[in-house]
Protein chains: 2
Amino acid sequence: MNPANRENDDAARAAGSSLVQDFGLLIKAATRLEQRIDTALRRECEVSHTMFEVLIRLCRRPGEEISQRRLADDLTLTSSGITRLIDRMEGAGLVRRGPAPGDRRSVLVEATEHGRAVFLRAAAVHAQVVERYFVAPVARADYARLTHALGEIDKALRDT
Amino acid sequence: MNPANRENDDAARAAGSSLVQDFGLLIKAATRLEQRIDTALRRECEVSHTMFEVLIRLCRRPGEEISQRRLADDLTLTSSGITRLIDRMEGAGLVRRGPAPGDRRSVLVEATEHGRAVFLRAAAVHAQVVERYFVAPVARADYARLTHALGEIDKALRDT
DNA sequence: GCTCAGCAATTGATTGATCAGCAATTGAGA
DNA sequence: TCTCAATTGCTGATCAATCAATTGCTGAGC
């Protein structure tokens, strides 16, 4: 067998490997899921999924203030990414920027009254989609294992 | 209790719900995982993760030809997205466009020799990352359930 | 107290996606 | 046979992210 055929063969084996398939599945499922949420949130509440993720963090406690730095780390965004995201959210009246008491480099972000109201509506939409496409398709017993497994993956990723 | 406090309360409960947390975990884990793969592939093989996904499909069989339409559906890209992706891949010498025998609207895409060689190297990098961050963190027994669950999610998404 | 390495946020340029709209092609029904 | 809706791929405009460079501020070492 000549080298070119050998290469084609190896390539076919690699392309068909179940590891490759399974991994593709994870990425594809997550991407579609996020797209679904994003579309629903934009249509019904005029917020992107990313903005929703920011609001989750700002609405955990009334009056909660979080620095842009921390938000960026949390959402896996760069500092410039978070600057522009908060720009848009501020423009939409969802959040407010304020100075950080101990450090004048840092900017604290806080949800406005309007931001909280939008979050409340968005959370209902979010719950609907998640229930339908994430919880329902997974049998009860599998659910716990799934989330545990995802936690382990995430830990492995964060730790490096 | 006045209405504003009630709203804050509801918002806090929604933000803290474990459904919201778990879902966030899935998205975050998948996003980070993809980012990791993408970075590794770009650094070591000068291909994006999306290009890699195209190559997987083109390298399953030697001489395999797939229409742009089918690739777009498979990768959840729009038709313009796939056009530009294939433009770049063609520019990099990874794939070749050709006419579709039965339908003159359609364009068939095929991997070049160089594309196959790059895919082979990329598959090794891919396997390393997947092994480390996807397989290893998940205990043996959990692995099958995880993939099964993901399959169910994906099916639910595709069916609508 | 002074300096200087390092961090937070912002801005400009670039990348890679989307959407809307277009031309060419197809195929099914009047 | 002709017409017309649907489909494929392409192009221009826009959006949201990245990187790189810049500004302002902090804090540790001398």
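Lettering follows sequence order; numbering is per chain, from 1.
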Only counting residues at least two apart or in another chain, list the ones meeting side chain to side chain contact (heavy atoms under 4.5 Å, CB included) with B:R96.
B:E110, B:T112
So, using side chain to side chain contact (heavy atoms under 4.5 Å, CB included) as the criterion, who are the partners of B:R61 when residues are at least two apart?
B:E64
What residues, two or more places apart in sequence or in another chain, satisfy side-chain hydrogen bond (donor to acceptor under 3.5 Å, both in side chains) together with B:E34?
B:H49
How would nucleotides 8-14 of chain C be written as a contact map, 5' to 3', with B for base contact, S for sugar-phosphate-only contact and - for no contact, using protein heavy atoms under 4.0 Å?
SSBBBB-
When rounded to whole Å, the CG to P distance for the pair B:L77 and C:dA17 reads 6 Å
Rounded to the nearest 0.5 Å, what separation is found between the [atom1] atom of [X] and the [atom2] atom of [Y]?
X     : Y      : atom1 : atom2 : value
B:M51 : B:L58  : CE    : CG    : 12.5 Å
A:T83 : A:Q68  : OG1   : CD    : 5.0 Å
A:L33 : A:R132 : CG    : CZ    : 12.0 Å

Students should find this one: the first and last nucleotides of DNA chain D, 5' to 3', lying under 4.0 Å from a heavy atom of chain B. What are they?
D:dT7 to D:dA13
5′-ward residue of the pair A:T76/A:R104 relative to DNA chain D:
A:T76
Given side chains that start at C-beta, do those of A:S48 and A:R42 come closer than 4.5 Å, heavy atoms only?
yes
In a table with atom names and distances, give each donor-acceptor pair under 3.5 Å that connects a side chain of residues 120-130 of chain B to protein atoms at least two apart or in another chain.
from   : atom 1 : to    : atom 2 : distance (Å)
B:R121 : NH1    : B:E44 : O      : 3.3

Classify A:T50 by what it touches in the nucleic acid, base, sugar-phosphate, or nothing, heavy-atom distance under 4.0 Å.
sugar-phosphate
